[in-house]
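Scroll down for the structure; my scribbles are underneath it.
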Amino acid sequence: MRNLPLGNDNDLDQSQFYNRTEEISFIKDNLELAKKASTPTILLTGIRGVGKTALMKKIKKDLENDYLVVYMDLSAMDKYKKDKLTRFCFMKLFYESFIRACNESDIITVDKRIMKFFKTRNFKFDRLESVNDIPVPILKSQEDYSKFTDFVMNLPQKIYDDYLNDIDGVLIFMDEFQILKQLDEDVNSFLWYIRSVIQSQRNIGYIFSGSMSIKDELISDIAGQKGAFGGRILNYEIKTFSHATTKSYLNEKAEYLQFTDDGFDRFYNCTKGIPFYINTFARLLPPFEQLDEERIVSEFKKSLPYLLIHLTNEWYKLTAQEQRIITALVDKPLRRIEIAKKLNVTSGAIGASLKRLQNETLIELNNGQYQIYDSIFRTWLKMEYEEKGDYPY
Ligand SMILES: Nc1ncnc2c1ncn2[C@@H]1O[C@H](COP(=O)(O)OP(=O)(O)OP(=O)(O)O)[C@@H](O)[C@H]1O
Ligand SMILES: [Mg+2]
């Protein structure tokens, strides 16, 4: 009966993955260009929970027979991090993800060749650092680092050239791209470096995505006029489910939910068509009971802690100043100077906090005004205040 995916499951099977036919064909059509040698680069944007990761994994599954498809989640760079997040954490993850994709593919057997390369270059291996039996070379000198970087970045082309009779190209999905903002170097110089490597490659397609606000500086660093990929990257926004899509989705997958018309309108209004919220909230609703507007409102209140678990976790980790900045924005968006006034500090004193909150996609800057990014999170804060007389600091 209950075939709605969990809100945190982005590896959906064919029966769970709904719709997105337009998005899929658009992206596939563009990736097909990889066959024609020009290297397409795509930036998939969209708000948190809209289904970017689910979509990438779906496309990966669809194309796995024709392409070598690499999916890398940049948040996994953390495991290579000693004290700082560096370019080499990225390179190691790229390498690991690449080898894993080769191992999982039926077409490519790459291990021996790679090992031979490392032997000829005198790399040493660290078995302890090995991930899923993929040995990671130990890098000691600066020279090792640059040899490894060159090797890793050119690996896709090398594999394609070796297997061009077997595959149409190599596709590389980089998810959680926003994490690059934490790099211990100017993210722009890193982006330009990637771009310089990518542009000479043929039959290799790259898709970047992650939780970024549409107004994020990183997006203009990547795709803007002066951005590293400016003019050469396709920026495609994944949209929320429409009212009609959400309706047919639930009719099909959760026919046991008995909405009245008003009840459904309220449900859509609460979840804003964001699949993460649609699935999470729908799974919490009682089956075979009439769901009118009033019922949805009260169920929504009860469900908020579950819907917002990812954000409340972040909330309790914030500093007092960061929390106060957010609560200052509950009623309406404000300019920096207005926030500072509310907090009784100078405008300069909140710069770092604003930056961090933006980087965590908790707030965004829109036409000179800061606003809370997630409207459901804003609702939660508002309700806490109304019920308890204060915010949950
Ligand atoms: N096409 C779909 N059909 C059904 N459910 C979906 C679909 N796409 C996404 N979902 C649901 O939404 C949830 C969130 O999707 P996903 O993790 O892909 O979002 P995201 O855009 O990558 O979010 P984030 O920005 O936080 O990484 C999934 O776990 C799943 O429950
Ligand atoms: Mg995601």
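Just so we're clear, the structure is a prediction, and the values are computed from it rather than from any experiment. Heads up: numbering here begins at 1 and tracks the sequence. Order of appearance sets the numbers: ligands from 1, and atoms from 1 within every ligand.
- With K57 contributing its side chain and L12 its backbone, the two residues share no donor-acceptor pair below 3.5 Å.
- Ligand 1 has at least one atom lying under 4.0 Å from a heavy atom of L6.
- Shortest contact from atom 18 (O) of ligand 1 to any protein heavy atom: A54 N, 2.7 Å.
- Remark: minimum distance from atom 12 (O) of ligand 1 to any protein heavy atom is reached at F276 N, 3.3 Å.
- For ligand 1, the atoms sitting less than 4.0 Å from at least one non-hydrogen atom of T53 are 18 (O), 20 (P), 22 (O), 27 (O), numbered in the order shown with element in parentheses.
- Taking every non-hydrogen atom of D9 and a distance limit under 4.0 Å, the qualifying atoms of ligand 1 come out as 28 (C), 29 (O), 30 (C), 31 (O).
- What sits closest to atom 11 (C) of ligand 1 on the protein, heavy atoms only, is N279 ND2, 3.2 Å.
- In the vicinity of Q16, heavy-atom distances shorter than 4.0 Å reach the ligand 1 atoms 3 (N), 4 (C).
- Using a 4.0 Å cut-off between charged side-chain N and carboxylate O, K355 and E217 make a salt bridge.
- Side chain of R266 to backbone of I296: no donor-acceptor contact under 3.5 angstrom is found.
- Closest to atom 2 (C) of ligand 1 among all protein heavy atoms lies Y18 N, 3.6 Å.
- Below 3.5 Å of separation, one finds no N or O of L55 facing any N or O of ligand 1.
- Note on K52 versus D175: no salt bridge recorded, every NZ/NE/NH1/NH2 to OD/OE distance being 4.0 Å or above.
- Residue R48 holds the heavy atom nearest to atom 26 (O) of ligand 1 of all those in E176, M56, R48.
- Checking side-chain atoms of T346 against main-chain N and O of A349 turns up a donor-acceptor pair under 3.5 Å.
- Around the Mg ion (ligand 2), protein N, O or S atoms at a distance under 2.8 Å total 1; waters are neither shown nor counted.
- Using a 4.0 Å cut-off between charged nitrogen and carboxylate oxygen, K302 and E299 count as a salt-bridge pair.
- Of all atoms in ligand 1, numbered sequentially from 1 with element shown, those under 4.0 Å from a heavy atom of N10 are 17 (O), 18 (O), 29 (O).
- Shortest contact from atom 14 (C) of ligand 1 to any protein heavy atom: G49 O, 3.7 Å.
- Listed for the Q157 side chain is a donor-acceptor partner under 3.5 Å among the backbone atoms of R202.
- Taking 4.0 Å as the cut-off, V50 counts as a neighbour of ligand 1 on heavy-atom distance.
- At the shortest separation from atom 7 (C) of ligand 1 among protein heavy atoms lies L12 CD1, 3.7 Å.
- Each of the following atoms of ligand 1 lies closer than 4.0 Å to a heavy atom of S211: 24 (P), 25 (O), 26 (O), 27 (O).
- The Y249 neighbourhood of ligand 1 comprises atoms 4 (C), 5 (N), with distances under 4.0 Å to a heavy atom of that residue.
- Of all protein heavy atoms, the one closest to atom 10 (N) of ligand 1 is P275 CB, 3.5 Å.
- Counting only residues at least two apart or in different chains, salt bridge (charged side-chain N to carboxylate O under 4.0 Å, His left out) contacts with residues 3-14 comprise D11-K61.
- At the shortest separation from atom 15 (O) of ligand 1 among protein heavy atoms lies G51 CA, 3.6 Å.
- Between the side chain of R48 and the main chain of S211, no donor-acceptor pair closer than 3.5 Å is present.
- Residues that satisfy the ring pair (Phe, Tyr, Trp, His ring centres under 6.0 Å) test with Y306, not counting sequence neighbours, are absent from this structure.
- Proximity to N8 (heavy-atom distance under 4.0 Å) selects the following atoms of ligand 1: 29 (O).
- Applying the ring pair (Phe, Tyr, Trp, His ring centres under 6.0 Å) test to every pair with at least one member in residues 197-228, sequence neighbours left out, gives these pairs: F177-F208, F208-F229.
- Between P40 and L31 the shortest heavy-atom distance is CG-CA, 4.2 Å.
- Between K60 and E64, at least one side-chain nitrogen of the basic residue sits less than 4.0 Å from a carboxylate oxygen of the acidic one, meeting the salt-bridge criterion.
- Annotation: G7 places an N or O atom under 3.5 Å from an N or O atom of ligand 1; distance criterion only.
- Taking a cutoff of 4.0 Å between a charged side-chain nitrogen and a carboxylate oxygen, E96 and K92 do not qualify as a salt bridge.
- Put simply, the side chain of S196 gets close to the backbone of Y193: a donor and an acceptor are under 3.5 Å apart.
- Salt-bridge check for D62 with K58: passed, with a basic side-chain N closer than 4.0 Å to an acidic carboxylate O.
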